[in-house]
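In what follows, a single structure is set out as structure tokens and then discussed.
Start at 1 and go down the list; that is how both ligands and their atoms are numbered. Computed from heavy atoms alone, side chains included, the values below leave out hydrogens, waters and symmetry copies.
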Amino acid sequence: MVIVMRKQATDEEINNVIQWIESVGYQTHPSRGVEQTIIGVVGDDRGKAQLKSVEYLPGVEKAVPILKPYKLASREARTGNTIVQVGNIEIGGPEFIVMAGPCTIESDEQLMESAYIIKKGGAHILRGGAYKPRTSPYSFQGLEEEGLRMLKKVRDKMEVPVVTEVMNTTEVELVEENCDILQIGTRNVQNFPLLKKVGQTRKPVLLKRGMMTTIEELLMSAEYILAEGNDQVILCERGIRTFETATRNTLDLSAIPVLKERTHLPVIVDPSHATGHWKYVLPLSKAAMAVGADGLIIEVHPQPEKALCDGAQSLKPEKFYQLMEELRMLQGALRKATGVLQ
Ligand code: PEP
Ligand code: MN
């Protein structure tokens, strides 16, 4: 349910309403807009009738049920878009944000070089996995704690925020200490204990769509994180399984406008895992921008032919610079076409 406060409601009235809702056993998630405050309310469905009497409290305009199964993630629960703040970078704001770097952290040198490349190209955030979810137990599994140490070192030295995957509830604290954004990979999108655990942190979470989850299921997974009190969630479309085998997965570009309509959370696209081949990363990155995504996460490696993981889909530095240049030109053209001034 969403409690819409009157435009003239005072802070005292808002706090009073919050206190009353909590006293009857519900959690509140207030969203203070410039003009009006709305309060998202979640909890056990059985007490809904009692909750409706909140409408008698001073300052309340109306109480509206949210019909979607995801409540806090739905557009109704918020005024405006959620902007995820990472230092002075805003994900979900007017700027198109690029996260780039190797699939996996391999050495201090490889990561340092990657950071240099992605910064030179104008990307905002460095990616790199220390814990890797691999289909085969015989594939390289990541440098784990040592990789996290390397990540932190490069982050501090190069002053670049970093995103890295966490696969296990027991590792959340360790990963959290060494990164700026916690990534939940496609395979863990419905690992509910893990979603709850990252929901209890106050770190932004990059939640990747499962390769076989629907848009609604993705939003329900986001809801697990939001319900724990962490509203800094970025959604990521990274391709889904279809009958098509020419690409690693099928990039569901329609997911972006659909998500934008249904949720206030930022949405980014991963064209690297979606296609599995560097050649398709450029056109699909531009498509992602054109269709309204808030940014990208892409794999870039100083020497893709030597990569320990996902070399075939990683961009060489030159291709990455070309992509960034093309994105800048496309953004200019789109802004002109839609009348948005820079
Ligand atoms: C990754 O980003 O390195 C990764 C493993 O992605 P996904 O979970 O989308 O396969
Ligand atoms: Mn990868």
* To do: Could you please compute the angle at the Mn ion (ligand 2) from NE2 of His273 to OD2 of Asp310, rounded to 10°?
  =>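 With the Mn ion (ligand 2) as the vertex, the angle is close to 90°.
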NZ/NE/NH1/NH2 to OD/OE distance under 4.0 Å, [X] and [Y]:
X	Y	answer
Glu261	Arg75	no
Asp310	Lys132	no
Asp180	Lys203	no
Glu76	Lys71	no
Glu237	Arg209	yes

* Asked: Any nitrogen or oxygen of Lys132, main chain or side chain, under 3.5 Å from a nitrogen or oxygen of ligand 1?
  ->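 Yes: some nitrogen or oxygen of Lys132 is under 3.5 Å from one in ligand 1.
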* So, is Glu165 polar-close to ligand 1, with some N/O to N/O distance under 3.5 Å? -> no
Report the nearest protein non-hydrogen atom to [atom]: residue, atom name, distance rounded to 0.1 Å.
atom	answer
atom 6 (O) of ligand 1	Lys208 NZ, 2.9 Å
atom 10 (O) of ligand 1	Arg238 NH2, 2.8 Å
atom 1 (C) of ligand 1	His273 CE1, 3.3 Å
atom 8 (O) of ligand 1	Thr186 N, 2.8 Å

* At a 4.0 Å threshold, what atoms of ligand 1 neighbour a non-hydrogen atom of Gly185? ->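 Counting atoms of ligand 1 from 1, those under 4.0 Å from Gly185 are 8 (O).
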* For ligand 1, which atoms, with element, lie under 4.0 Å from some heavy atom of Arg187? ->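 So the atoms of ligand 1 that pass are 10 (O).
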* Give a yes or no on whether Tyr116 atom OH has more than 12 heavy-atom contacts from other residues, nucleotides or ligands under 6.0 Å away. =>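 Check fails, neighbour count at 12 or below.
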* **Residue Lys153 excluded, over 12 heavy atoms near NZ under 6.0 Å** => no
* Report the residue from Glu173, Glu171, Glu228 that forms a side chain to side chain contact (heavy atoms under 4.5 Å, CB included) with Lys197. =>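 One option only clears the test, and that one is Glu173.
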* Quick check: does Cys103 have an N/O/S atom under 2.8 Å of the Mn ion (ligand 2)? ->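 Yes, since at least one N, O or S atom of Cys103 sits under 2.8 Å from the Mn ion (ligand 2).
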* **Atom name of the N, O or S atom in Glu299 that lies nearest to the Mn ion (ligand 2)** =>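 For Glu299, the N, O or S atom at the smallest distance from the Mn ion (ligand 2) is OE2.
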* To do: Mark the output for Met211 as yes if a heavy-atom distance to ligand 1 is under 4.0 Å, and as no if none is.
  =>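 Per 4.0 Å heavy-atom rule, Met211 does not contact ligand 1.
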